[in-house]
There are 2 protein chains.
Amino acid sequence: MVHMNKRSGIESRKRILDAAMKVFSGHGYAKANMRMIAKAADISIGGLYLYFRNKEDLCFTLIKNRLDDLAGRTREALGDIDDPAEAIGKFISIHIKYVKKHRELILVQGREHGFAFGIEIKKKFFRSQRKLLEDIIRKGIKAGVFRKCDVEESAKIIFGAIRGFVLSIVVEPDSLFLPEECSNLILNGLVRRNNK
Amino acid sequence: MVHMNKRSGIESRKRILDAAMKVFSGHGYAKANMRMIAKAADISIGGLYLYFRNKEDLCFTLIKNRLDDLAGRTREALGDIDDPAEAIGKFISIHIKYVKKHRELILVQGREHGFAFGIEIKKKFFRSQRKLLEDIIRKGIKAGVFRKCDVEESAKIIFGAIRGFVLSIVVEPDSLFLPEECSNLILNGLVRRNNK
DNA sequence: TGTTCATGTGAACCATTGTTCAGTTTATAA
DNA sequence: TTATAAACTGAACAATGGTTCACATGAACA
């Protein structure tokens with residue numbers, strides 16, 4: 001056995017995160033174990049604990065990174081859009097595209113294992129995303145584009161629907177869920193318009 | 001210790017299912033263990049295995065029962081509704097109400113533990129529910145009430161949205177998600193109608 | 001009374017797994 | 001070369017938990 005130890009700490013940490021991502025994704029939190037992650041990261045079991053307090057901390061870090069990333073991308077993308085309808089469409093498409101790219105980790109977050117870990121961080125994320133939606137809706141109503149409605153409740157419902165799209169894509173990766181179709185439904189509904 | 005054994009088998013099976021429901025609901029699949037279920041069902045650990053092959057089989061039976069029940073209720077409720085818009089509303093409200101009643105078990109199904117158990121049964125359930133939606137949409141288009149659209153894709157999206165409502169309610173039981181508001185969005189969309 | 005069998009028991013088995021810690025290795029600098 | 005500390009190792013520990021099995025119980029019946 002070749003000894004490959006003595007690498008830079010920062011690099012090892014990254015390797016562990018990458019490996020953990022793969023292992024958690026492939027097996028889920030409960031069935032993934034530290035030995036698998038250690039092997040995948042080409043480090044010893046004990047080595048893992050140099051960089052993460054425990055299994056939970058490791059998974060938590062993974063989730064937090066992803067959520068922060070998505071939140072940042074969303075804010076950024078919405079920055080230069082004025083049309084509320086277009087903003088809603090963008091909001092939806094960002095989320096759908098993000099899922100298709102990071103399907104694996106979302107599988108892990110699901111409901112996996114006992115309860116509440118990372119629940120706080122997730123709730124915070126959801127709240128901030130909903131706030132963005134609320135801003136768009138308020139703007140849309142003020143501009144006369146959207147119908148008058150309870151802004152908070154609507155944002156909650158729309159974000160709920162998006163969560164459903166995300167979940168469906170995660171569970172059935174082959175299903176289409178074209179962003180345009182999804183936002184078309186949210187924007188225009190199922191009922192036929194008079195002027196068409 | 002009083003010996004309470006020698007009860008009818010069928011009754012014991014029911015007691016076990018009730019107990020399992022409570023325990024799985026309260027702790028999730030992974031953290032629930034056979035000892036807890038045995039105690040809650042007032043039976044011995046070994047006794048559990050007289051009625052269910054293993055932990056998975058026990059949980060699977062629970063889920064299957066619930067899904068069959070919901071599928072039956074849906075079919076029944078939609079039977080005597082002709083108006084497509086009303087049918088969509090009913091479909092949504094049935095699901096939302098069902099979740100609020102059986103929140104616990106849905107928590108268990110989530111994504112819990114490794115992979116695929118009960119996945120087949122769930123997929124079958126989803127397929128059949130989507131079929132119901134497709135029928136409603138097709139009828140609505142034919143009647144000129146709904147806009148022309150890809151029926152299958154629309155059903156998938158709407159069912160996806162409903163899944164999101166369900167998930168949101170499960171995770172945040174306090175949130176409202178009024179059925180009327182939800183179907184209003186699905187039916188009419190966010191954008192303001194001309195005639196209003 | 002004695003036999004049968006469905007029903008029930010729970011200690012014990014065994015595999016798994018998160019975590020620790022006493023010790024090893026190597027880069028760096030004095 | 002030697003000392004120091006950061007990086008790393010993996011056997012061992014301790015707890016958990018699904019499952020089994022040899023045995024017990026009691027209702028029904030001959």
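Just so you know, these numbers use all the heavy atoms, side chains as well, and skip hydrogens, waters and symmetry mates. Throughout, a chain's letter reflects where its sequence line sits, starting with A, and its residues are numbered from 1. In this text the structure is predicted, and so the values were computed from the model without any measurement.
For the pair A:Y29 OH and C:dT17 P, the computed distance is 13 Å after rounding to whole Å. For the pair B:D57 CG and D:dT20 P, the interatomic distance rounds to 12 Å; values are reported in whole Å. In this entry the distance linking NZ of B:K14 with P of C:dT7 reads 14 Å, nearest Å. Across the protein-nucleic acid pair, B:L50 atom CG and D:dC21 atom C1' stand 12 Å apart, rounded to whole Å. Here C:dT19 presents its P atom at 9 Å from CD of A:E56, a figure rounded to the nearest Å. What separates CG of B:L48 from P of D:dC21 is a distance of 17 Å, to the nearest Å. When rounded to the nearest whole Å, the span between NZ of B:K31 and P of C:dT17 equals 16 Å. Rounded to whole Å, atom P of D:dG17 lies 8 Å from atom CE of B:M36.
Contacts of A:A41 with the nucleic acid, taken as non-hydrogen atoms under 4.0 Å apart, are absent. Across all strands, A:F52 comes closer than 4.0 Å to no nucleic acid atom at all (heavy-atom distances). Residue-level contact check: B:G9 touches the backbone only, with heavy atoms under 4.0 Å from sugar-phosphate atoms and none from bases.
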(request) Could you walk me through whether A:D69 and A:R73 pass the salt bridge (charged side-chain N to carboxylate O under 4.0 Å, His left out) test, one step at a time? (result) CA-CA 6 Å; A:D69 181 30; A:R73 280 168 195 265; 3.1 Å; yes

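Closest to the side chain of B:R35, out of D:dT19, C:dG18, D:dA7, is D:dT19. Minimum atom distance to the side chain of A:S44 is reached by D:dG10, of the listed C:dG8, D:dG17, D:dG10. Listed candidates were C:dT19, C:dG8, D:dT19. Nearest to the side chain of A:Y49 is C:dT19. Residue A:I43 has its side chain nearest to D:dT9 when only D:dA7, C:dG18, D:dT9 are considered. Distances were taken from every side-chain heavy atom of B:K55 (C-beta onward) to each of D:dT19, C:dT7, D:dA7; the shortest belongs to D:dT19.
Contact between the side-chain N/O atoms of A:S8 and the OP1/OP2 oxygens of D:dA7 is not found at any separation under 4.0 Å. Close to C:dG8, at under 4.0 Å from its OP1 or OP2, lies a side-chain N or O of B:S12.
Judged by the 6.0 Å and 45° rule, B:K64 forms no cation-pi pair with B:F125.
Counting heavy-atom neighbours within 6.0 Å of A:K100 NZ, excluding the residue itself, gives a total above 12.
The nearest heavy atom of DNA chain C to B:G46 and to B:I10 marks one nucleotide each, and the one closer to the 5' end goes with B:I10. Heavy-atom distances to DNA chain D give each of B:M34 and A:I45 a nearest nucleotide, and the one nearer the 5′ end belongs to A:I45.
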Please output the side-chain donor-acceptor pairs of residues 157-181 of chain B that fall under 3.5 Å, not counting sequence neighbours, one pair per line with the distance.
residue	atom	partner	partner atom	Å
B:S168	OG	B:G164	O	2.8
B:S175	OG	B:E172	O	2.7

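The existence of a salt bridge linking B:E134 and B:R138 is confirmed by a sub-4.0 Å separation between a basic side-chain nitrogen and an acidic carboxylate oxygen.
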